[in-house]
Amino acid sequence: MADAAAAGAMERGNIIEVRGLSKHFPIKRGILKHTVGWVRAVDDVSFDVRRGETLGLVGESGSGKTTVLRLLARALEPTDGAIRFRLADSEVDMAVAEKEVLRAARRRIRVVFQDPESSLNPRMTVRRIIGEPLVVNDKLKGEALDARVKSLMALVGLQPEQLNRYPYAFSGGQRQRIGVARALALDPEVLLADEPTSALDVSVQAQILNLLLELQRELGLTVIFVTHDLSVIRHMSDRVAVMYLGHFVELGDRQQIFDKPLHPYTEALFSGIPQPNPHRPLKRIVLEGDIPDVAQVPTGCPFHTRCPYKQDRCESEPPLLAEVGNTGRQAACHFAAELDLKGEQELLS
Amino acid sequence: MATASGPVLFQEERVQSTYDASQWRLMRISFARHKLAVVGAVVVVLGYFIALFAEFVAPYDPGAITFVSPARSNQLIPPKLPRIVHPDGGLRWFFVHPLVEMRDQETLMVTYPEDTSVSYPIRLFVRGAPYKLFGFIRSDIHLWGVADGRAYDDPEKVRLHLFGTDQKSRDVFSRILHGTRISLSIGLLGVAMQFVLAIVFGTISGYFSGPLDNAIQRLIEVLTSVPTLPLWMVLSISIPQSWPVIRVFFAITIILSLLSWPGLARQVRGKVLSLRETEYVVSARLDNAPTSRIMFIHLIPGLMSHLIASLTLAIPGTILGETSLSFLGLGLHEPAISWGVLLQDAQQLRTILFAPWLMIPVIPVILFILAFNFVGDGLRDAADPYKS
Amino acid sequence: MAPERPLLEVNDLRTYFFTSLGTVRAVDGLSFSVPLQRIVGIVGESGCGKSVAARSILGIIPPPGRVVSGSMHFDGDQGLLDLAALDPHDEVYRKTRGKEISMIFQEPMSALSPVHTVGDQLVEALMLYDEQLTKEDARDRCIGLLRQVGIPSPETLIDAYIFELSGGMRQRVLVAMAISGEPKLLIADEPTTAIDVTIQAKVLDLLRHLHEEKRMSMLFITHNMGVIAELAHEVIVMYLGTVAEQGSVNDIFDNPQHPYTQALLESIPGIGVEPKTTLQAIEGSVPDPYRRPPGCPFSNRCPSFKAGTCDAALPPLYRVSESQTARCFLLEGNEVVAEAAPPPEVSADG
């Protein structure tokens with residue numbers, strides 16, 4: 001069934017094509033604020049997203065996953081690259097879109113933020129929070145606005161009669177529902193979800209994941225889901241991209257990646273997930289050292305300082321994200337085809 | 001549609017009314033928990049009440065001169081508290097004895113013993129000097145005073161000088177109450193000006209980073225690096241002596257606020273900088289909200305509560321500024337009455353030695369500065385009612 | 001075999017916070033024990049009182065909180081002490097805390113001083129525990145400790161400041177500090193929550209290794225079921241200040257009896273769960289601490305809720321097996337281990 005869905009997505013083609021996307025932040029020092037270096041938060045990243053699929057972006061801190069998401073929404077100005085969206089009624093390059101084009105695109109590309117605590121203005125009632133995009137874009141007011149807000153609240157499982165409450169009167173999970181309702185207010189095609197459950201309790205996380213899955217099915221949304229939690233990525237994604245220090249190190253079908261990763265970093269990530277099963281702990285691949293500073297990305301392969309399979313070539317020659325054999329999967333590792341890495345099941349003892 | 005996670009079964013039997021409460025209500029609740037701030041607020045409100053109704057609350061006209069002995073005009077009469085114990089031993093309602101001027105034959109010092117043979121009770125709502133409240137309500141009723149039945153301008157009238165008299169034999173207590181008017185309103189007016197300047201420059205500087213921000217920052221740095229007192233002095237010396245009191249008052253207010261807004265503007269800028277990056281502002285931007293909407297709906301309300309707290313804490317600075325300028329003779333002059341003007345009398349060591357009560361105007365200065373600080377602290381804590 | 005006396009035995013502990021909005025019963029009738037040389041894991045969601053429980057043991061409850069009743073018997077160097085009966089500022093308590101019972105906090109940055117070097121802080125701690133120690137010896141011991149927690153080239157790192165270290169390194173320094181007094185009991189409060197997966201794996205390995213090497217007892221607090229499964233021997237599942245279920249790690253994961261434990265385990269998108277299917281979520285959310293549901297604290301979210309029973313009274317603790325107990329009326333008929341005691345009448349100034 002999953003295959004059929006994937007095939008369907010393939011037919012419908014790509015909705016997003018990202019080419020050579022980079023975001024470099026200057027490091028400024030001194031009174032005169034001269035630039036002494038660059039943080040390459042996202043460095044020359046290219047990928048496609050298929051219509052109707054969920055692409056999971058996973059990585060640890062400093063990997064640049066949230067930056068990629070913000071660039072897609074143009075919440076940040078990209079340093080370089082193209083972000084082509086093939087929306088239902090238009091084609092936009094978000095990297096360079098201006099004014100009216102950007103305004104129109106932002107109606108279709110919406111963000112769900114990580115922390116419902118800070119993504120809702122505490123001084124506004126739910127009516128105004130969810131209604132803001134409607135007021136700004138569709139000039140809705142009065143009864144029409146109320147009716148739309150109430151139907152959105154019902155859609156995400158909130159009680160419509162609570163629309164005059166302030167965010168603090170809701171629990172974390174309910175606040176995230178408010179955030180989702182606002183994202184849905186303008187009938188989006190693409191939902192960019194930035195760690196939407198990492199601020200929530202386990203028991204509530206499941207509610208939000210279910211809500212997102214159901215909404216996606218019902219509304220035919222394309223979702224890009226950013227998180228550091230591999231279990232969530234496994235559950236939510238059709239395809240998975242693994243990021244490390246601003247680079248994509250692996251990209252491919254979820255099942256294939258979890259069954260047999262092609263990049264050593266992916267394997268190490270899998271082996272690090274604590275399993276809720278006392279009988280079958282994972283065989284752990286312990287990486288050397290910590291994640292390097294993003295301002296000082298190692299030369300060559302960014303992962304070579306910690307990679308258990310490192311060879312001389314890795315120190316000098318940066319591997320490119322490229323298709324491995326004829327698998328339809330991409331990995332940025334010189335030895336992707338040769339290494340026999342273990343998937344999640346094999347890592348279980 | 002019920003969501004996958006199930007119907008909204010347990011969405012709160014929370015019917016607590018505070019869940020619909022706005023920010024201001026929550027602030028009020030949390031302010032009320034701050035005991036000292038409430039005390040401060042009472043003092044402040046009382047102060048502004050006195051400032052509004054000084055003519056009514058003060059027992060005497062601040063310019064009226066007291067004669068104990070008609071021959072002398074510069075009589076420094078020491079403070080006298082009303083009594084309740086009558087010379088015959090019984091307790092009575094508050095009353096005063098008239099004063100007699102005596103000269104000690106050896107030291108030649110003038111003293112003012114009481115003539116205990118007569119006593120005059122203190123009454124509420126007595127008739128006294130006529131005045132015009134707010135410039136148009138004519139009255140001669142004072143909140144309290146000595147009831148002796150004689151005309152108020154009768155030099156023989158028995159008077160009560162709670163805080164004594166100054167060198168021109170005017171009632172210090174009444175003058176302090178009248179001084180409240182200028183001293184407290186200069187704080188309020190000055191802060192209102194700082195508020196406008198700080199919001200305009202702070203928000204612009206914080207929201208539009210880049211050259212505009214840089215220019216404003218440098219301006220602020222220059223302004224804050226100028227030593228305040230000398231600049232105040234230079235500016236206030238340039239105020240013509242011939243100006244009427246009202247114009248001098250505004251000039252002083254402007255001088256004081258021109259130099260103190262940068263600190264506030266910095267605070268506003270910092271707050272805007274942090275608010276600008278909060279997810280709700282980013283999300284409003286992604287909602288296509290125009291800049292004006294983001295500023296007026298998201299940013300300024302977000303910093304308003306903090307700003308009000310900071311402003312309250314800035315009032316004492318302005319009050320002190322006026323007091324110091326007037327004390328140094330650079331601010332307001334007689335016939336204007338402010339606490340600083342009153343303290344001019346206490347400039348000479350000799351006067352303080354003979355008439356220490358001329359220092360009393362320091363007490364309201366300290367009292368109100370403390371009160372404003374308490375209120376400001378309370379407001380600052382209450383400013384973020386969601387963080388509990 | 002006569003049962004050994006546990007290192008720490010907490011009995012009916014209640015820690016309340018007296019706020020202007022009302023009394024928060026953060027820990028409300030918590031009983032458990034930490035046997036010698038075992039790792040006990042406390043698992044629960046935010047607001048379940050797991051951190052407050054840890055802080056109660058250390059006597060570092062900030063006002064307006066207070067331990068209002070219960071006992072905490074600790075079998076240390078100074079004999080059997082009831083920590084609940086001691087004044088937190090008491091000399092005996094101070095000697096126990098830090099040296100015999102130490103704690104690793106969630107946020108290393110807030111637990112370490114930014115203006116002192118790693119060495120300064122460690123040496124100070126060491127010299128406090130052992131007054132005969134000279135500065136040089138302490139420094140040597142320090143380097144040894146840092147090496148023990150897996151810090152590379154500790155000779156140079158000892159003179160570094162905390163902000164110069166990465167998150168994983170900071171957490172290691174914190175671990176080194178916690179074990180510097182050779183504690184009998186190490187309390188770890190979410191020590192891996194703020195750090196990345198690959199680093200978390202290393203810190204967990206380090207803790208397990210230290211436990212095996214030093215045979216020290218550990219109380220491990222987390223919200224992560226995976227971490228619990230990996231590390232703990234015995235598990236306590238907390239909900240709203242009290243024990244929902246406790247048992248050996250196998251009991252809890254193989255044979256959970258309390259609906260809350262079951263729901264927690266089912267709500268995790270683990271390896272066996274088919275992707276993109278509906279997860280078994282728990283309805284609603286953890287109640288506001290000021291408005292707990294009557295009866296069983298889980299009653300308003302429980303899928304097995306029985307009106308008239310569950311909302312009428314707090315269920316007693318029933319025995320499931322020799323090693324497992326659970327607080328749920330579904331187990332009615334089983335042996336009652338402990339009746340549910342009503343909360344004591346206390347006031348803020350008590």
Side-chain angles (χ1 to χ4, degrees), chain A residues 2 5 54 59-62 170-174 200-211 213-214 216-217 228-232 234-238 254-255 258 265 268-269 271-282 284-293 306 344-345 348, chain C residues 43-48 152 165-169 192 195-202 204-205 222-233 235 248-250 252-254 260 263-288 301:
Chain A
T54 302
E60 297 178 281
S61 53
F170 293 89
S171 67
Q174 290 173 317
L200 304 176
D201 272 323
V202 201
S203 69
V204 180
Q205 163 175 296
Q207 295 173 11
I208 299 297
L209 295 182
N210 286 342
L211 174 68
L213 281 174
E214 179 160 332
Q216 181 181 23
R217 265 197 294 274
H228 66 278
D229 187 330
L230 284 148
S231 314
V232 172
R234 185 203 309 105
H235 192 73
M236 300 298 286
S237 322
D238 298 303
R254 179 237 313 136
Q255 202 57 51
F258 276 85
Y265 177 62
L269 271 185
S271 85
I273 323 170
Q275 293 299 325
N277 182 345
H279 308 295
R280 302 187 66 189
L282 287 167
R284 187 147 289 158
I285 296 163
V286 175
L287 294 180
E288 239 170 76
D290 283 358
I291 306 165
D293 189 344
R306 305 173 72 198
E344 215 175 28
Q345 291 290 343
L348 287 175
Chain C
V43 69
E45 298 178 283
S46 55
C48 74
L165 306 181
S166 66
M169 284 299 154
T192 61
I195 51 186
D196 281 308
V197 189
T198 54
I199 313 296
Q200 163 174 302
K202 289 179 159 189
L204 292 181
D205 282 351
T222 179
H223 68 278
N224 188 325
M225 281 299 212
V227 171
I228 282 285
E230 211 165 274
L231 213 57
H233 301 126
V235 182
S248 73
V249 68
N250 292 347
I252 296 296
F253 284 88
D254 298 345
Y260 176 62
L264 260 190
L265 287 169
E266 278 166 15
S267 67
I268 306 169
I271 284 186
V273 180
E274 177 66 26
K276 308 210 87 166
T277 54
T278 303
L279 292 167
Q280 291 294 317
I282 307 178
E283 282 167 356
S285 50
V286 178
D288 189 324
R301 302 173 73 192

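A note on names: the letters A, B, ... follow the listed sequences, proteins ahead of strands, and every chain is numbered from 1.
- Looking at A/Leu287, the atoms closer than 4.5 Å to chain C (heavy atoms on both sides) sit in the backbone and in the side chain alike.
- Highest contact tally toward chain A, considering only C/Glu45, C/Gln200, C/Met225, is held by C/Glu45 [criterion: heavy-atom pairs under 4.5 Å].
- A/Asp201 and C/Ser46 are linked by a side-chain donor-acceptor pair at a separation below 3.5 angstrom, with hydrogens and angles left out of the test.
- A/Asn277 touches chain C through its backbone: at least one of N, CA, C or O sits under 4.5 Å from a heavy atom, while the side chain does not.
- For C/His233, the ring-ring contact (aromatic ring centres under 6.0 Å, His included) criterion is met by C/His211, not counting sequence neighbours.
- Here A/Arg306 is the residue among A/Arg306, A/Gln255, A/Gln345 with the most heavy-atom pairs under 4.5 Å with chain C.
- The NZ atom of C/Lys202 lies 12.5 Å from the CG atom of C/Leu204; values are rounded to the nearest 0.5 Å.
- Of the atoms belonging to C/Ile271, heavy atoms from both backbone and side chain fall under 4.5 Å from chain A.
- Residue C/Thr277 touches chain A through both its backbone and its side chain, counting heavy-atom pairs closer than 4.5 Å.
- By the 4.5 Å heavy-atom criterion applied to side chains, C/Leu279 and A/Gln207 are not counted as neighbours.
- Put simply, the side chain of A/Leu213 reaches to within 4.5 Å of the side chain of A/His235, judged on heavy atoms.
- Using a 4.5 Å cut-off between heavy atoms, A/Arg234 touches chain C through backbone and side chain atoms alike.
- Within the 4.5 angstrom heavy-atom criterion, atoms from both the backbone and the side chain of A/Ile291 approach chain C.
- Proximity of A/Ser203 to C/His223: side-chain heavy atoms (C-beta onward) are nowhere separated by under 4.5 Å.
- The parts of A/Leu269 that come within reach of chain C are both its backbone and its side chain, each placing non-hydrogen atoms under 4.5 angstrom from that chain.
- Under the ring-ring contact (aromatic ring centres under 6.0 Å, His included) criterion, A/Phe258 pairs with A/Phe270, not counting sequence neighbours.
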